[in-house]
Amino acid sequence: MRSEHVLSQLTVEKFTEKIIKEVKNNTGKTIQDAQDKEIYYAIASIVNEQIIPQWSETNKKYEKINNKQVYYLSLEFLVGSLLESNLLNCGMLDVANQTLQKLGLNAEKIYAKERDAGLGNGGLGRLAACFLDSLASLNYAGHGFGIRYRYGLFEQRIIHGNQIELPDNWLKDLYPWETRREAEAVCIHFRGEVDMLKKNDGNLEFKHKDTDKVMAVPYDIPVVGYQNKVINTLRLWSAEPVGGDQQDSITEEGSKYYQELDHQHSIEQISGFLYPDDSKLEGKELRLKQQYFLVSSSLQTIIKAYKKNNQRSLKYLPEKAVIQINDTHPTLAIPELMRILMDEEHLSWENAWNITTRVIAYTNHTTLSEAFETWPVGMMEYLLPRIYMIIDEINERFCKGIWFDHEVLRDEIPELAIIADEQVHMARLAIVGSFSVNGVAPLHTEILKKQEMKHFYTLFPNRFNNKTNGITHRRWLLKANPKLSELISDVIGPQWIHRPKQLISLVKYSSDAAFLEKIAQVKYENKRILADLIYDRNGIVVDDQSIFDVQVKRLHEYKRQLLKVFHIIYLYNELKLNPNMDITPRTFIFGAKAAPSYHLAKEVIKLINKVASIVNNDSTIRDKLKVVFIENYNVSLAERIIPATDISEQISTAGKEASGTGNMKLMMNGALTVGTLDGANVEIKKAVGDANIFIFGLTADEVLNYYEHGGYSAMDIYNTDDRIRTILDQLNKGFGSDEIEFKDLYYNILYHNDPYFVLKDFEPYLETHEHVERVYRDKLRWLQMNVTNIAYSGKFSSDRTIKEYATEIWKIKQV
Ligand SMILES: *Cc1c(COP(=O)(O)O)cnc(C)c1O
């Protein structure tokens, strides 16, 4: 049924032959004796055998055509697993599945042997991975640059209800998708001194000397386009000492040897681990090193490639390259490009600036103040002296420009200056040094223009634009939910796979009773699979006929997992008072990692687990409520939870969630959103219509108004609402006989005046869930709503997002 433009035309017979041979060659075993992991590696080799020739074909083609290319710079790529998606994109998945079945092997168990590449925290990192998938699948020449962290995001364990972090040793066994390319290593310079020399022509020349040198060694991962023979590249940099095996460090003095080892270790630390903070700045020097390490290695590579393929001056770089920076983390790309153009390519400041500000484009992901990146001047000057000089000069020129050309903004200079209060303000640098600044959903972009960045918007109105986030429907529907995908293709044909907007054809079937029954059946089967997973991992029996009410995302106060918990405690308290209350059984499912140093977030995890143990073990509740915290939420778990979800909880404080992408994945799998008017929830509501989503709570304007003018008192609500007082007192004093207390959560709400308006939105949230339950009981209507959500989810494919970036920002064409 599927497209003919597949990479591989292997038959089941041929695949069988290859897999037997691979296993034999690698392990000496027969396929019957081989372990799942060994079979995994065998299949990965077969896939690589198909990919690798096509990969160099793609690179040759790009060189020959010599079109403009996009480089996506990101400190995070939350890739997840690759075997099944590479099989799918190569057009080999069906054959692989049939082969394994024929051999009596369990495909799912074998694919599950792959460890997730967890090189990201959450939405921002997963977005980067979805973008690479769309770039390749849409025939764009676009590549990712990131860091090959030795340890990705920590593995989460729950012990006695508390989060424990374990190292994510994802490279312990061979990672079959990466290729080390030592020949393309580059040298990165830290610290040292900058000499200023006057040249004969009167211009200044800068020499950066006595530096600490670090080698950046690339490991390339192929990015396989969907059945189009395009293989792009994700290049991840690894930090190594210069000179490799350090023969020159052998000296007669023993002490030097250990100094050398120490030095080597400190260099390897640069790509040692991913910082585990989401939407929050960790102002450590090592993090700044990581940022410069990524930016310098990537830019050197981009310039080298340009010079190899173009005999023209670097003046024309903007015709051949565009660099998108994912949040401010890679903002040093701006001064680094300036440095290369001036100090190495000998261009003037004016020419270098002209080029730089036509190559760099910046995506903002948050307006949370704790996430705004600043670096102490002293740290930057010491670690990156030449880069700091350039930033200082950019700042001087920028501030002078405001003073002389924009008199109305003179008073705002302290708020606009890139260097202020002894800090370098990265978002300001990113705006000043780029040609495009985009938000990730319309509401978020408006907040940037009207509030957070309003003076910059006055200065550069044309720079600001919106690109609403998206998700790759290939991973999040086709791969994650094969049963639903097959059902969709059965009724509307498979064209939606290439043009996800065509999912809209499903609208015609939204009152077809036979089709709706099949939709219900698919959801039920997915819920049974998840129920089994929950039983295996948590030992909790959940009712697969109950409503699966799901909140999966990083744990953060603004995402308001606490509001969800309050809802559960409320229902529990009601059921205790009235055991015969007529309610539809519900299973509440959470998945969330907290940053290790985020105390309140960890308290919420503990609370969820506490509530779970009380509710799940209370026989008077008679299984009407179940609470499950699935540990170690990651991409692979998301792929199993999302297809089984009935209700998607997207309940952030309005104005705080820039876009959200979990909301899109869930909608695409037919879950109904209970959400605030925040981020892309607003767009989901527009797409499906008010009748097919459950919206509640304060608007972003109302929230802003409270922040600016006051008028909100959490204590008043506590004093007047019995339901809330009961819950908060339970937090303060422990639940019943139990001694565990949650005083910090209690105090944060009552004595820090509930900064995220949990109490304010509590009542409308309850009412909305009562409404949800009434609708759920009308089975036909519920299923229609499911189908409507799937039907209108096509616009949230990252294919749409990438086409917008390509035509409106990057100006690149499909090849
Ligand atoms: C999509 C995704 C996220 C982002 O979820 P939001 O609900 O948008 O915050 C985070 N983590 C993982 C593993 C994801 O797949």
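Start at 1 and go down the list; that is how both ligands and their atoms are numbered. Note that the structure is a prediction, hence the values are computed from the model and not measured.
The residue Leu637 has no part lying near ligand 1, judged by heavy-atom distances below 4.0 Å. At a heavy-atom distance under 4.0 Å, no atom of Arg554 approaches ligand 1.
Taking a 4.0 Å cut-off on heavy atoms, Met664 fails to register as neighbouring ligand 1.
Within a 6.0 Å sphere centred on NZ of Lys760, heavy atoms belonging to other residues, nucleotides or ligands number 12 at most. Around atom CD of Glu446, more than 12 heavy atoms belonging to other residues, nucleotides or ligands sit under 6.0 Å away.
Here the closest heavy-atom approach between residue Phe77 and residue Phe145 is recorded as CE1-O, 3.3 Å.
A donor-acceptor pair under 3.5 Å is absent between the side-chain atoms of Asn232 and the main chain of Val223, judged by distance alone. Between the side chain of Ser485 and the backbone N or O of Leu477, at least one donor-acceptor pair lies under 3.5 Å.
Counting atoms of ligand 1 from 1 in the listed order, those under 4.0 Å from a heavy atom of Gly660 are 8 (O). Set against the non-hydrogen atoms of Lys665, the atoms of ligand 1 under 4.0 Å away are 1 (C), 2 (C), 3 (C), 14 (C), 15 (O). Distances below 4.0 Å separate heavy atoms of Trp476 from the following atoms of ligand 1: 15 (O). Numbered from 1 in the order shown, with element, the atoms of ligand 1 that lie under 4.0 Å from a heavy atom of Gly123 read 3 (C), 4 (C), 10 (C). The contact set between ligand 1 and Asn634, taken as ligand atoms under 4.0 Å from a residue heavy atom, comprises 13 (C). Against a heavy-atom cut-off of under 4.0 Å, Gly122 is close to the following atoms of ligand 1: 10 (C), 11 (N). Within ligand 1, counting atoms from 1 as listed, the ones closer than 4.0 Å to a heavy atom of Lys559 are 9 (O). Taking a cut-off of under 4.0 Å to the non-hydrogen atoms of Thr661, the atoms of ligand 1 that pass are 1 (C), 4 (C), 8 (O).
For a threshold of 3.5 Å applied to N or O pairs, the pair formed by Asn663 and ligand 1 contains no separation below that value. In terms of polar-atom proximity, Leu78 is not counted as a contact of ligand 1, lacking any N or O under 3.5 Å from an N or O of the ligand.
Side-chain contact, Gln650 with Lys553: a donor N or O sits under 3.5 Å from an acceptor N or O.
At a threshold of 4.0 Å, the pair Arg474-Asp133 counts as salt-bridged, since one of the basic side-chain nitrogens sits closer than that to a carboxylate oxygen.
The nearest protein atom to atom 5 (O) of ligand 1, hydrogens excluded, is given as Gly662 N, 3.8 Å; this is a heavy-atom distance. Protein heavy atom at the shortest distance from atom 7 (O) of ligand 1 is Lys553 NZ, 2.7 Å. Atom 12 (C) of ligand 1 has its closest protein heavy atom at Tyr633 CE2, 3.7 Å.
Contact of the Asn438 side chain with the Thr445 side chain is not registered, since no non-hydrogen atoms from C-beta on lie closer than 4.5 Å. Taking the side chain as every heavy atom from C-beta outward, Leu637 and Leu533 approach each other to under 4.5 Å. Counting heavy atoms from C-beta on, the side chains of Leu563 and Tyr765 come closer than 4.5 Å.
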